[in-house]
Amino acid sequence: MSFPNERLETSLILASTRGDYEQKTGAVNVPIYLSSTFHQESFDSFGPYDYSRSGNPTRDALEKTIAELEGGTRGFAFATGIASITSAFMLLSAGDHIIITEDVYGGTFRFVTEILPRFAIEHTFVDLSNLEEVKNAIKPNTKLIYIETPSNPRLGITDIASIVEIAKTNDCLTFLDNTFMTPLHQRPLELGVDMVLHSATKFLSGHSDIVAGLAVTKDEELGKRLGFIQNSFGAVLGAQDSYTLIQNIKTMGIRFEKSTEAAQKIVDYLVKHPLVEEVFYPGLPTHPGHEIHAKQSTSAGAVLSFRLPNRATTKAFVESMKIPVFAVSLGGVESILSYPTTMSHGSMPKEEREKRGITDGLLRFSVGLEHVDDLLADFEQALKIAQEV
Ligand SMILES: *Cc1c(COP(=O)(O)O)cnc(C)c1O
């Protein structure tokens with residue numbers, strides 16, 4: 001039971017301990033149930049759990065937590081973000097067509113272009129900020145519009161409510177990858193989206209310790225269908241990782257807020273730097289999606305991208321940065337500097353990549369929890385070296 005009008009920051013802490021076990025024992029943390037199978041007391045009626053692929057109490061606590069946070073009916077935890085996304089796509093059938101955002105996460109791109117066609121599920125990539133183009137891409141067999149906002153790595157913004165309206169008019173489902181905003185700052189289900197997906201590896205976990213995925217459905221019936229797929233596909237999150245994620249979610253509010261504050265300062269610094277050609281951040285008034293983002297989200301987020309002139313300056317800059325890790329991923333307590341060309345979008349053909357503005361000078365920066373003045377000083381010295389190249 002939640003507190004009347006409970007705020008999400010409170011739910012982050014309390015949601016996982018609303019299960020039976022915790023209430024019975026008073027434990028403030030969810031126990032880790034390391035049990036693959038469950039004894040059935042009676043010959044002909046089974047208890048709530050039988051086998052951990054189908055359901056595990058620790059995973060259950062996590063699934064209830066994310067369902068509550070997103071305001072949905074059912075939550076599901078998967079082994080990775082991609083497992084949640086690919087499992088969601090398994091709701092489709094041969095002959096169906098998907099409309100998908102052009103600047104989708106690289107791993108989602110790979111699945112949609114390399115795997116789904118083998119099952120006769122076709123797709124059209126569309127710039128979802130162009131609503132006319134979306135309408136024109138609808139076919140009689142279009143069953144799904146797939147949204148990612150803000151998107152990776154250029155922080156493109158999609159008007160969620162407008163896409164939902166087009167989808168509903170045409171009897172399509174909408175799925176939204178909410179990884180960049182988290183349930184704290186973007187509420188897709190409240191805007192009519194059917195399913196929210198997360199790479200919980202990122203902000204929800206926040207410590208670069210586990211890989212995990214989450215999905216939440218608004219509708220009970222769709223939830224049942226996804227539950228069937230989760231069990232049939234079997235890409236579930238283990239009990240230990242479920243526990244880690246539950247714990248990490250508790251501090252997400254404060255982590256996200258602090259990193260976002262620093263991101264804004266770094267953006268203010270970068271836009272003024274002569275070597276930086278372009279800065280992508282939804283909090284910038286000059287960002288093309290700024291107004292739409294402000295309407296549907298309560299934070300500009302902790303991820304930004306920027307463009308340096310070429311590969312050589314980019315290489316010198318990356319090699320001179322001392323604080324961040326140079327790595328794939330985002331949303332950790334440590335700042336993470338990524339090079340989309342060879343990292344998140346390494347699986348995308350060069351031509352497709354460049355069409356999406358992912359050039360050799362583009363870098364993505366996920367702001368962690370180091371002191372912002374140290375991060376700024378690091379940028380200053382590394383850009384100075386890059387400038388001399
Ligand atoms: C990382 C990421 C994914 C994939 O999640 P994994 O946990 O790496 O499988 C999907 N979408 C977005 C936006 C991501 O950043």
Side-chain angles (χ1 to χ4, degrees), residues 62 66 70 76-90 98 100-115 128 146-158 160 175-183 185-186 188 193 195-216 230 233 235-238 241-242 244-245 248-249 252 256 259 280 282 289 293 297 299 301-305 325 327-332 335-340 342-348 356 358 362-368:
L62 170 63
I66 192 64
E70 286 286 1
F76 302 91
F78 295 89
T80 64
I82 271 295
S84 67
I85 293 165
T86 55
S87 297
F89 278 126
M90 288 295 112
I98 306 166
I100 183 160
T101 180
E102 196 166 65
D103 46 359
V104 73
Y105 175 73
T108 310
F109 177 89
R110 178 170 50 205
F111 185 74
V112 166
T113 58
E114 305 273 337
I115 311 282
L128 294 192
Y146 187 95
I147 310 166
E148 194 179 311
T149 184
S151 69
N152 213 342
R154 288 198 305 146
L155 292 311
I157 302 299
T158 296
I160 302 170
F175 295 172
L176 189 146
D177 184 331
N178 205 23
T179 300
F180 275 51
M181 278 299 114
T182 82
H185 296 292
Q186 190 162 268
V193 165
M195 188 178 330
V196 172
L197 297 158
H198 282 286
S199 169
T201 309
K202 314 294 166 55
F203 291 105
L204 287 163
S205 191
H207 293 71
S208 306
D209 46 3
I210 57 165
V211 286
L214 296 169
V216 181
Q230 185 193 37
F233 233 59
V236 296
L237 191 65
D241 286 353
S242 295
T244 303
L245 185 49
N248 290 353
I249 281 175
M252 182 185 67
F256 200 90
S259 293
F280 303 92
H293 185 73
S297 310
S299 170
V303 181
L304 57 105
S305 294
V325 291
V328 295
S329 202
L330 57 100
S335 291
I336 303 176
L337 181 63
S338 313
Y339 189 46
T342 54
M343 292 179 171
S344 57
H345 290 68
S347 57
M348 195 177 274
R356 289 163 172 78
I358 304 165
L362 190 75
L363 285 163
R364 188 184 72 195
F365 194 69
S366 166
V367 184

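Start at 1 and go down the list; that is how both ligands and their atoms are numbered.
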Quiz item: Does the N or O separation between I82 and ligand 1 drop below 3.5 Å for any pair?
Solution: yes

Quiz item: So, is G81 polar-close to ligand 1, with some N/O to N/O distance under 3.5 Å?
Solution: yes

What residue and atom, counting heavy atoms only, is the protein's closest point to [atom], and at what distance?
atom: atom 5 (O) of ligand 1; answer: S199 OG, 3.0 Å
atom: atom 1 (C) of ligand 1; answer: K202 NZ, 1.4 Å
atom: atom 7 (O) of ligand 1; answer: T201 OG1, 2.6 Å

Compare all side-chain heavy atoms of [X] with those of [Y] and state whether any distance is below 4.5 angstrom.
X: V112; Y: Y146; result: no
X: V303; Y: S259; result: no
X: I66; Y: F76; result: no
X: F111; Y: I82; result: no

Quiz item: Where on N152 is there a heavy atom closer than 4.0 Å to ligand 1, on the side chain, on the backbone, on both, or on neither?
Solution: side chain

Quiz item: For the side chain to side chain donor-acceptor pair (under 3.5 Å) test, which of E148, H185, Q186 pairs with N178?
Solution: Q186

Quiz item: Which is closest to atom 3 (C) of ligand 1 in terms of heavy atoms, F180, Y105, F78, F203?
Solution: Y105

Self-check item: Nearest-option assignment for atom 13 (C) of ligand 1, heavy atoms, candidates T80, D177, V211
Solution: D177

Quiz item: Can you check side-chain hydrogen bond (donor to acceptor under 3.5 Å, both in side chains) on S205 and D209, steps first, answer last?
Solution: CA-CA 8 Å; S205 191; D209 46 3; 3.1 Å; yes

Quiz item: Distance from I358 atom CD1 to M343 atom CE, nearest 0.5 Å?
Solution: 14.0 Å

Quiz item: Which atoms of ligand 1 have any heavy atom of I85 under 4.0 Å away?
Solution: 10 (C)

Quiz item: Can you list the atoms of ligand 1 that are under 4.0 Å from a heavy atom of T179?
Solution: 12 (C), 13 (C), 15 (O)

Practice problem: Check the pair N152 / D177 against side-chain hydrogen bond (donor to acceptor under 3.5 Å, both in side chains), numbers first and verdict last. | Solution: CA-CA 10 Å; N152 213 342; D177 184 331; over 6 Å; no

Quiz item: Does at least one non-hydrogen atom of T108 fall below 4.0 angstrom from an atom of ligand 1?
Solution: no

